[in-house]
A.B. asks: 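Dropping the structure in here first, questions after.
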Amino acid sequence: MANNGNANGNVWQFKGNTATSDAAAVALRKLVFKMFRNYNLNSGKPILAPSPGDPSASPSFLTCPVAEEAVAAAARSGMANSYAPSPGILKARRAVADYLNGELPAKLKEEDVYITGGCNQAIEIVIDSLAGNSVANILLPRPGYPHYDARALYSCLEVRKYDLLPQKDWEIDLDGLEAAADENTVAMVLINPNNPCGNVYSYDHLNKVAEIARKLGIVVISDEVYKHVVYGDRPFIPMGIFASIAPVITLGSISKGWVVPGWRIGWIAMNDPNSILKSTGVIQAIEDCLDLTPQPSLILQEALPDILEKTPKEFFDKKIKAMRHSVEFSCERLKDIPCLFCPKKPESCSYLWVKLDTSMLVNIKNDFEFCMKLVSEESVLLIPGVALGADNWVRISIGTDAMDIDHGLTELMLDQVIRGNRVGETFTEQAYSDMAESSNAKFRLQADMFILENRYINTDDEKN
């Protein structure tokens, strides 16, 4: 039991805020660091993938020299050494509005945009701004990005979930979405392009979402941070197109598109042609929240117009080509891992979202145990699906070079798994048989050897 006294017998009147611990417990960052702590530093093996969701360490995904020079020029100019205004400097807000406008029927103006310290701070500000009602709730996707859950929990905003449907290319369960809402629902979060599923929503589907939002009387928070990481055939459609049906708050940043998550520069854009967000006080609440939070770096704000306006199309084309190659390569390699199945090849983002078949494993009950064993014994870092709201799924980062993917999925996840006396002992006879049918000659040879040597675990014997 904690002792609040000291040597002089005084009783201290303060203690830590447990709300922060409760919120951090569901944050993805907390889980990743926990898994890092489970990594064996003495194994002699490099950890793969070193930072889930961050391809910036890979030579194939370096940022654009134009962006680097814009930041350097801003730092040298002497114009970025002071404090910035809370909403952001006007030229940065204007540049974001121009960048987002594209096909929007109701064009954004600079006053509709607020600059934030990355998309995560944008999430925090918007959630806090909607959390004034003690009985309010928010609709979040399952699976989804856990920072929304963490911030809602911290802000005492009840979380309700709607499902994404794998049998329908991860479309939103529209009936379930509507059923999850009640008179206290204030907003829904839409992640498009979707993390972790990698799908891109169609125009018709987004239109239906907007109609449901209008029916429910809620605002749509559209997380579009991956809009520049689309490599499938379906084009990205901004949710702001439907703002005349229901108000839309768009969140974004340059972290994924320009591969610079450490720069921490993002935005909130108010798609509100009918002035609903203004009349309900949401815009004022967001501006008040901005007055309470640190401003993002003025150097990055000064550089943002050149980054958004001068980055050549060839930079994005090269990045998309590399990502498309990673997807094809990874999906092909994944076929040789019998306990993992990818129901849909991703169209966007830098992940594979795969189903874990625990029936092919022994002494591993779920995705969390599977991932913890991999990182501790084989130095392979995967994100368990439970952290993103889905049991027995796994998120694999593929935003890296093909050699690293090959090493991670074959040498570590299979060579060492089959050969070893640790994780390797968890595969069943059926799993080894499936490996023996693999198109990869190395896997076939190893599986045949181990089946002949009776090194697999017989599930029938385990049950008896």
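Since we're looking at a predicted model, the values are computed, not measured. For reference, positions follow the sequence shown, starting with 1.
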A.B. asks: Report yes if some heavy atom in the side chain of Cys64 is under 4.5 Å from a heavy atom in the side chain of Pro312; otherwise report no.
C.D. replies: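 Cys64 vs Pro312: side chains touch.
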A.B. asks: Do Tyr226 and Asn194 meet the criterion of a side-chain donor-acceptor pair at a distance under 3.5 Å?
C.D. replies: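 Result is no, nothing qualifies.
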A.B. asks: If we ignore hydrogens and angles and just use 3.5 Å, is the side chain of Glu377 paired with the main-chain N or O of Val375 as donor and acceptor?
C.D. replies: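 A pair under 3.5 Å: no.
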A.B. asks: Does any N or O in the side chain of Gln121 come within less than 3.5 Å of the main-chain N or O of Pro294, such that one atom is a donor and the other an acceptor?
C.D. replies: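 At least one qualifying donor-acceptor pair exists.
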A.B. asks: Answer yes or no: is there a donor N or O on one side and an acceptor on the other, between the side chain of Arg160 and the main chain of Ile138, under 3.5 Å?
C.D. replies: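 Judged by distance alone, no pair lies under 3.5 Å.
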A.B. asks: Would you sort out whether Leu139 and Thr185 count as a side chain to side chain contact (heavy atoms under 4.5 Å, CB included), showing the intermediate values?
C.D. replies: CA-CA 7 Å; Leu139 307 179; Thr185 304; 3.7 Å; yes
A.B. asks: Give the C-alpha distance, both sets of side-chain angles, the deciding distance and a yes or no for side chain to side chain contact (heavy atoms under 4.5 Å, CB included) between Gln301 and Ile265.
C.D. replies: CA-CA 8 Å; Gln301 293 194 53; Ile265 190 79; 3.9 Å; yes
A.B. asks: Okay, side chain of Asn271, backbone of Ile241: is any donor-acceptor separation there less than 3.5 Å?
C.D. replies: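 No, Asn271 side chain to Ile241 backbone: no donor-acceptor pair under 3.5 Å.
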A.B. asks: Counting only heavy atoms not in Asn17 (residues, nucleotides, ligands), do more than 12 fall under 6.0 Å from its CG?
C.D. replies: yes
A.B. asks: Could you tell me whether the side chain of Glu369 and the main chain of Lys365 form a donor-acceptor pair under 3.5 Å?
C.D. replies: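 Yes, the answer is positive, given that a donor and an acceptor are paired below the 3.5 Å cut-off.
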A.B. asks: Output the distance between atom CH2 (Trp263) and atom CG (Leu300), rounded to the nearest 0.5 Å.
C.D. replies: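 If we round to the nearest 0.5 Å, Trp263:CH2 and Leu300:CG are 7.0 Å apart.
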A.B. asks: Is there a ring pair (Phe, Tyr, Trp, His ring centres under 6.0 Å) between Phe316 and Trp258 once you walk through the steps?
C.D. replies: CA-CA 8 Å; Phe316 298 111; Trp258 279 261; 5.1 Å; yes
A.B. asks: With sequence neighbours excluded, tell me which residues meet side-chain hydrogen bond (donor to acceptor under 3.5 Å, both in side chains) with Lys313.
C.D. replies: Asp317
A.B. asks: Can you check whether Met188 reaches Val209 side chain to side chain, under 4.5 Å on heavy atoms?
C.D. replies: yes
A.B. asks: Run through Ser60, Ser58, Pro55 and flag the one making a side-chain contact (heavy atoms from CB on, under 4.5 Å) with Val259.
C.D. replies: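 Single side-chain contact (heavy atoms from CB on, under 4.5 Å) partner of Val259 among Ser60, Ser58, Pro55: Pro55.
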A.B. asks: With the threshold set at 4.0 Å, does a side-chain nitrogen-carboxylate oxygen contact exist between Lys168 and Asp173?
C.D. replies: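 Not counted as a salt bridge, because no side-chain N and carboxylate O are separated by less than 4.0 Å.
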A.B. asks: To the closest 0.5 Å, what do you measure between CG (Asn392) and CG (Leu361)?
C.D. replies: 9.5 Å
A.B. asks: Judged by atom type as modelled, is there a donor-acceptor pair below 3.5 Å linking the side chain of Arg142 to the main-chain atoms of Tyr162?
C.D. replies: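 Flag not set: sc Arg142 to bb Tyr162 has no pair under 3.5 Å.
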A.B. asks: Suppose we call two aromatic rings close when their centres sit under 6.0 Å apart. Are Tyr203 and Phe236 close by that rule?
C.D. replies: no
A.B. asks: Taking NZ, NE, NH1 and NH2 as the nitrogens, is one of them in Lys161 or Asp149 under 4.0 Å from a carboxylate oxygen of the other?
C.D. replies: yes
A.B. asks: Is there side-chain contact between Ser350 and Met323, with at least one heavy-atom pair below 4.5 Å?
C.D. replies: yes
A.B. asks: To the nearest 0.5 Å, what is the distance between CD1 (Ile268) and CG (Leu290)?
C.D. replies: 5.5 Å
A.B. asks: Counting distance only, does the side-chain N/O of Ser155 pair as donor-acceptor with the main-chain N or O of Ala152 below 3.5 Å?
C.D. replies: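 The answer is no, because no donor-acceptor pair under 3.5 Å joins these two groups.
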A.B. asks: In Å and rounded to the nearest 0.5 Å, what is the CD1 to CG distance from Ile115 to Leu298?
C.D. replies: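 One gets 11.5 Å once the value is rounded to the nearest 0.5 Å.
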A.B. asks: Within the distance-only criterion (no hydrogens, no angle test), does the side chain of Asn199 pair as donor or acceptor with the backbone N or O of Trp170 below 3.5 angstrom?
C.D. replies: yes
A.B. asks: Looking only at heavy atoms, what is the nearest atom pair of Cys289 and Asp128, with distance?
C.D. replies: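 Closest pair (atom of Cys289, atom of Asp128, distance): SG-CB, 4.0 Å.
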A.B. asks: For the residue pair Ile249 and Val219, establish whether any side-chain heavy-atom pair is separated by less than 4.5 Å.
C.D. replies: yes
A.B. asks: Examine Lys227 relative to Tyr99 and say whether NZ or CZ is less than 6.0 Å from the centre of the six-membered ring and inside a 45° cone about the ring axis.
C.D. replies: yes
A.B. asks: Tell me whether the count of non-hydrogen atoms from other residues, nucleotides or ligands lying under 6.0 Å of OH in Tyr154 goes above 12.
C.D. replies: no
A.B. asks: Hey, mind stepping through Val229 and Ser348 against side chain to side chain contact (heavy atoms under 4.5 Å, CB included) and telling me if it holds?
C.D. replies: CA-CA 5 Å; Val229 193; Ser348 64; 5.5 Å; no
A.B. asks: Look at atom NZ of Lys208 and say whether more than 12 heavy atoms of other residues, nucleotides or ligands are closer to it than 6.0 Å.
C.D. replies: no
A.B. asks: Any side-chain to backbone donor/acceptor pair from Tyr231 onto Cys349? Under 3.5 Å, distance only.
C.D. replies: yes
A.B. asks: Do Glu178 and Leu216 pass the side chain to side chain contact (heavy atoms under 4.5 Å, CB included) test, and can you show the C-alpha distance, the side-chain angles, and the key distance before you say yes or no?
C.D. replies: CA-CA 8 Å; Glu178 190 169 348; Leu216 297 174; 4.2 Å; yes
A.B. asks: Using a 4.5 Å cut-off on heavy atoms from C-beta on, say whether the side chain of Leu174 contacts that of Ile212.
C.D. replies: yes
A.B. asks: Check whether any side-chain heavy atom of Cys371 lies under 4.5 Å from a side-chain heavy atom of Val394, and answer yes or no.
C.D. replies: yes
A.B. asks: Can you find a pair of side-chain heavy atoms, one from Leu251 and one from Trp267, that are under 4.5 Å apart?
C.D. replies: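 The answer is no; the side chains never approach within 4.5 Å.
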A.B. asks: From Leu308 CG over to Ile254 CD1, what is the distance, rounded to the nearest 0.5 angstrom?
C.D. replies: 7.0 Å
A.B. asks: Working to the nearest 0.5 angstrom, can you tell me the gap between Glu224 CD and Leu100 CG?
C.D. replies: 7.5 Å
A.B. asks: Would you check if the side chain of Ser397 reaches a backbone N or O of Gly399 as a donor-acceptor pair within less than 3.5 Å?
C.D. replies: no
A.B. asks: Are Arg333 and Phe329 in a cation-pi contact, defined as NZ or CZ under 6.0 Å from the six-membered ring centre and within 45° of the axis?
C.D. replies: yes
A.B. asks: When you look at Tyr145 and Asn120, which way does the side-chain hydrogen bond (donor to acceptor under 3.5 Å, both in side chains) test go after all the steps?
C.D. replies: CA-CA 10 Å; Tyr145 180 51; Asn120 273 358; 3.0 Å; yes
A.B. asks: Can you tell if the side chain of Asn137 reaches within under 4.5 Å of the side chain of Val159, non-hydrogen atoms only?
C.D. replies: no
A.B. asks: A quick test of your reading: do over 12 heavy atoms of other residues, nucleotides or ligands sit less than 6.0 Å from NZ of Lys344?
C.D. replies: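 Yes, the 6.0 Å shell around NZ holds more than 12 heavy atoms from other groups.
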A.B. asks: When you compare the side chains of Ser202 and Asp204, does any donor N or O come within less than 3.5 Å of an acceptor on the partner?
C.D. replies: no
A.B. asks: Would you call the rings of Trp353 and Trp393 parallel, tilted or perpendicular if under 30° counts as parallel and over 60° as perpendicular?
C.D. replies: parallel
A.B. asks: State whether the number of non-hydrogen atoms from other residues, nucleotides or ligands found under 6.0 Å of Lys318 atom NZ is greater than 12.
C.D. replies: no
